[in-house]
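In listed order, ligands and their atoms are each counted from 1. Side chains are part of it too, since the values below use all heavy atoms of this structure and drop only hydrogens, waters and symmetry mates.
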Amino acid sequence: MSANPKPGDVKPDVCVVGLGYIGLPTAAIIARAGCKVLGLDVSQNVVDTINRGEIHIEEADLDGLVHAVVQRGLLRAATQIAPADVFVIAVPTPFEKDDHHTPDVTYVMAAATEVAAVLKAGDTVILESTSPVGTTERMRDLMAGLRPDLKFPGKCIGTPDVSIAYCPERVLPGRILEELAGNDRSIGGITPRCARKALGFYKRFVRGTCVTTDARSAEMTKLVENAYRDVNIAFANELSMVADKMGLDVWEVIRLANRHPRVNILTPGPGVGGHCIAVDPWFIVHGAPDDTPLIRTARDVNDGKMHHVIARATELVEAHPHEKVACLGLAFKANIDDFRESPARFVAARLARRFGDRVHIVEPYAADLPIEFTDTGASAIDLDTALEECGVLIVLVDHDVFRSVPLAERANKVVYDTRGIWPDQPGGPVAAGLRLAS
Ligand code: SAJ
């Protein structure tokens, strides 16, 4: 591994393409390290917000950091690209709309096209977006086609003019700033020289260990990390459905099993949400459809858990026809305001469509209910009102504010705790994850 940047090194000008959940914190952290950063986004609204020193997303401590680096003149946002020394691409990679979970790298290629227009000898281009294996090489090929005046790595004789690498982010929403600087990084170069160049850049702001590899291995590493977690959550979710059938308390079983020194079962929930773990495993399946039965099945199990929860919640609501129902949480996980691909949101919306104005939604992180609740009759209420007025509580997200509700305020409620946040709920486990008050 190369040494840290030396005192007196010229700090590169950096352009970060995409100012979303990853791009904006990344741009801010690079700026904090003293580099001049231009952040690029297609939304004028996002650009204006950042240039005022404000932010358009919720993330711990990000507002203060962005405000500080904008004030110091180190971070500026724009819709138009400009020349820089290092380009970091952090744009979304969704699925195509074909229903086959085909990765859509259109945004990556659009970003690479923009970068190619201002690329010069000596520049480094780094892709951070989660991408199918081979995307960095495709990006290189695209830029090489657009800039025949430059020599590209792996496509020329002699020393290339530019360096191209893949370096996935692996930060956890809610802890992004801490993890961006503290986590280890895998840096995959199109060639070893490209990896070393990118390494020198990351060393400026990453405290964790930076390990170099090739671009394809780094791309696969990112997918594997999230598929690993998905498979492990699927195991927990499958157990919860088995335990439900057998009348066992899955939380108790997992607690006991995890006392074994080599067992560490994850936590069941209403399904797996977010834009990473529920998405990335499909990128592996798409690349090797005949060789990925486990990864595919894990996806199916986790999606199936969502339907299991809908069925159990429906039974419970039907069994208590005179009670108001509170769904606790819409976010895809605890303590964040991110509702993308959220199983909680999906379950609550299905209940709202079926039971209309009996259903009340408690989500302290949402200003309004999402669009799919319109015309269902369901309404948003605060936690205090839900605890006073609703006889049935369906816990869908383990926000701290829900977890800390004392037993006295819920002891006589009918509770379906899909997250296992209230182990002391009376009534005992009628079925796994389904705790009924007596
Ligand atoms: N979940 C469970 N049970 C668990 C753990 C999670 O049901 O035991 C659910 C959560 O409630 C949520 C979903 O899984 O719905 C995903 O949550 P998460 O906290 O596991 O992960 P993300 O999507 O917030 O972030 C993941 C992280 N990847 C890994 O931990 C391997 C993060 O490090 C990545 O940077 C991020 O994906 C990403 O951007 O790819």
Side-chain angles (χ1 to χ4, degrees), residues 18 20-26 57-60 90-94 103 128-132 167-186 208 218-241 250-251 254-255 258 264-284 295 298-299 301-306 308-309 328-347 365 395-400 402-403 417-421 433:
Y21 277 87
I22 299 302
L24 178 57
T26 302
I57 53 176
E58 187 81 24
E59 180 57 41
V91 295
T93 43
E128 285 209 1
S129 312
T130 303
S131 300
C167 180
E169 57 77 21
R170 36 163 68 138
V171 294
L172 208 61
R175 294 168 43 89
I176 291 182
L177 289 185
E178 200 182 317
E179 294 208 353
L180 265 180
N183 286 359
D184 293 354
R185 303 292 293 245
S186 310
E219 288 163 343
M220 186 61 168
T221 303
K222 168 69 190 191
L223 304 180
V224 163
E225 288 164 3
N226 282 351
Y228 169 85
R229 193 153 169 85
D230 197 45
V231 168
N232 280 280
I233 299 169
F235 183 73
N237 276 335
E238 184 162 297
L239 283 187
S240 74
M241 292 183 276
V250 72
W251 315 104
I254 291 176
R255 235 186 330 271
N258 281 349
N264 186 14
I265 302 169
L266 294 181
T267 315
V272 167
H275 33 95
C276 305
I277 299 213
V279 175
D280 302 354
W282 288 115
F283 287 20
I284 303 180
I295 297 173
R299 279 283 68 246
V301 169
N302 284 331
D303 285 347
K305 180 64 193 289
M306 200 157 60
H308 175 89
V309 167
L328 302 190
L330 292 178
F332 87 83
K333 65 183 216 173
N335 307 326
I336 60 169
D337 73 335
D338 192 336
F339 308 104
R340 291 175 290 176
E341 316 286 335
S342 170
R345 174 177 168 174
F346 188 81
V347 170
Y365 289 86
V395 180
L396 296 172
V397 183
D398 44 345
H399 290 319
D400 287 347
F402 300 153
R403 197 181 282 278
D417 179 3
T418 72
R419 295 278 184 176
I421 62 170

### Task
List every atom of ligand 1 that sits less than 4.0 Å from any heavy atom of E225, numbering the atoms from 1 in the order shown and giving each element.
31 (C)
### E238 atom CD, neighbour heavy-atom count above 12 within 6.0 Å
no
### Y365, OH atom: more than 12 neighbouring heavy atoms under 6.0 Å
yes
### Task
Quick one: look up the protein heavy atom nearest atom 12 (C) of ligand 1 and list residue, atom name and how far away it is.
F332 O, 3.3 Å
### Query
Do the non-hydrogen side-chain atoms of V272 and R229 ever get within less than 4.5 Å of each other?
no
#### Entry: Those atoms of ligand 1 less than 4.0 Å from some heavy atom in K222
34 (C), 35 (O), 38 (C), 39 (O), 40 (O)
### Task
Give, for atom OG1 of T93 and atom CD of E128, the distance between the pair rounded to the nearest 0.5 Å.
12.0 Å
### Proximal ligand 1 atoms for R419, defined as those under 4.0 Å from one of its heavy atoms
7 (O), 11 (O)
### Message
Just to check, does N226 reach to within less than 4.0 Å of ligand 1 when the distance is taken from its heavy atoms?
### Response
yes
### CG on D337 to CZ on F332, rounded to 0.5 Å
10.0 Å
### Task
Report the distance from atom CG of L177 to atom OG1 of T26, rounding to the nearest 0.5 Å.
9.0 Å
### Message
Side chain, backbone, both or neither: which applies to H275 and ligand 1 if a contact is any heavy-atom pair less than 4.0 Å apart?
### Response
neither
#### Entry: Nearest candidate to atom 9 (C) of ligand 1, where distance is taken over non-hydrogen atoms, out of D280, L396, N237, I233
I233
### Query
Going by the order shown, which atoms of ligand 1 are within less than 4.0 Å of some heavy atom of V171?
32 (C), 33 (O), 34 (C), 35 (O), 36 (C)
### Query
When you measure from atom 21 (O) of ligand 1 to every protein heavy atom, which one gives the shortest distance, and what is it?
I277 CD1, 3.7 Å
### Message
Could you check whether any heavy atom of G273 sits closer than 4.0 Å to an atom of ligand 1, since that is the contact criterion I want to use?
### Response
yes
### Message
To the closest 0.5 Å, what do you measure between CZ (R419) and NE2 (H399)?
### Response
9.0 Å
### Query
Given K333, E128, R170, which has its nearest heavy atom closest to atom 33 (O) of ligand 1?
R170
### Query
Which protein non-hydrogen atom lies closest to atom 37 (O) of ligand 1, naming both residue and atom, and how far is it?
C276 CB, 3.3 Å
### Message
Only heavy atoms of L172, strictly under 4.0 Å: list the atoms of ligand 1 that pass.
### Response
19 (O), 21 (O), 24 (O), 25 (O), 27 (C), 32 (C)
## Note on the structure
protein heavy-atom neighbour closest to atom 8 (O) of ligand 1 works out as T267 N, 2.9 Å
### Query
At a 4.0 Å threshold, what atoms of ligand 1 neighbour a non-hydrogen atom of R229?
5 (C), 6 (C), 18 (P), 19 (O), 20 (O), 29 (C), 30 (O), 31 (C)
#### Entry: N/O donor-acceptor pair under 3.5 Å between D398 side chain and I421 backbone
no
### Query
Do V397 and S342 come within less than 4.5 Å of each other through their side chains, counting heavy atoms only?
no
### Message
Need the ligand 1 atom indices (1-based, order shown) with element for anything under 4.0 Å from a heavy-atom of E169.
### Response
35 (O), 38 (C), 39 (O), 40 (O)
### Query
Are H308 and N237 linked by a side-chain donor-acceptor pair shorter than 3.5 Å?
no
